[in-house]
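First the structure, in the form of structure tokens, and then the observations on it.
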Amino acid sequence: MPRFCLFGDTVNTASRMESTGQPNAIQVSDATWSALGGECVAASDPRWRPTGGVAAKGKGVLQTY
């Protein structure tokens with residue numbers, strides 16, 4: 001029996017991102033992309049591109065890269 005259980009918004013968002021991601025690719029949230037440098041990162045590496053978003057129940061479409 002685990003000592004704690006994780007659930008709620010964070011786990012639901014992570015699950016949606018995992019299920020909609022591309023194989024062998026990293027998908028990050030808009031907040032993470034911005035923290036990494038946002039436009040500066042995209043300009044130096046064209047592999048960073050918007051995915052069109054992830055539909056998350058109760059949150060709408062979340063922009064991901």
Side-chain angles (χ1 to χ4, degrees):
M1 177 68 73
R3 290 178 157 262
F4 57 89
C5 294
L6 297 175
F7 56 92
D9 186 53
T10 302
V11 174
N12 291 335
T13 301
S15 176
R16 297 282 179 167
M17 288 179 71
E18 180 182 22
S19 66
T20 60
Q22 297 294 318
N24 299 315
I26 297 171
Q27 181 171 230
V28 299
S29 67
D30 191 42
T32 300
W33 185 74
S34 294
L36 291 172
E39 294 298 329
C40 295
V41 171
S44 64
D45 190 342
R47 293 177 293 181
W48 288 87
R49 58 186 177 273
T51 62
V54 174
K57 184 177 178 181
K59 295 184 111 185
V61 176
L62 305 174
Q63 180 59 51
T64 58
Y65 297 86

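Every value quoted in this text rests on a predicted model; they were computed, and no experiment measured them.
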- Message: Is there a path of hydrophobic side-chain contacts, each under 4.5 Å between heavy atoms of I/L/V/M/F/W/Y residues, joining Leu36 to Tyr65?
- Response: yes
- Is it true that Ile26 and Trp33 fall in one hydrophobic cluster, defined by side-chain heavy atoms closer than 4.5 Å? yes
- Note on the structure: What one should report as the nearest heavy-atom pair of Pro50 and Gln63 is CB-NE2, 3.4 Å
With sequence neighbours excluded, tell me which residues meet side-chain hydrogen bond (donor to acceptor under 3.5 Å, both in side chains) with [X].
{"X": "Ser15", "result": "none"}
{"X": "Ser34", "result": "none"}
{"X": "Gln27", "result": "Thr64"}

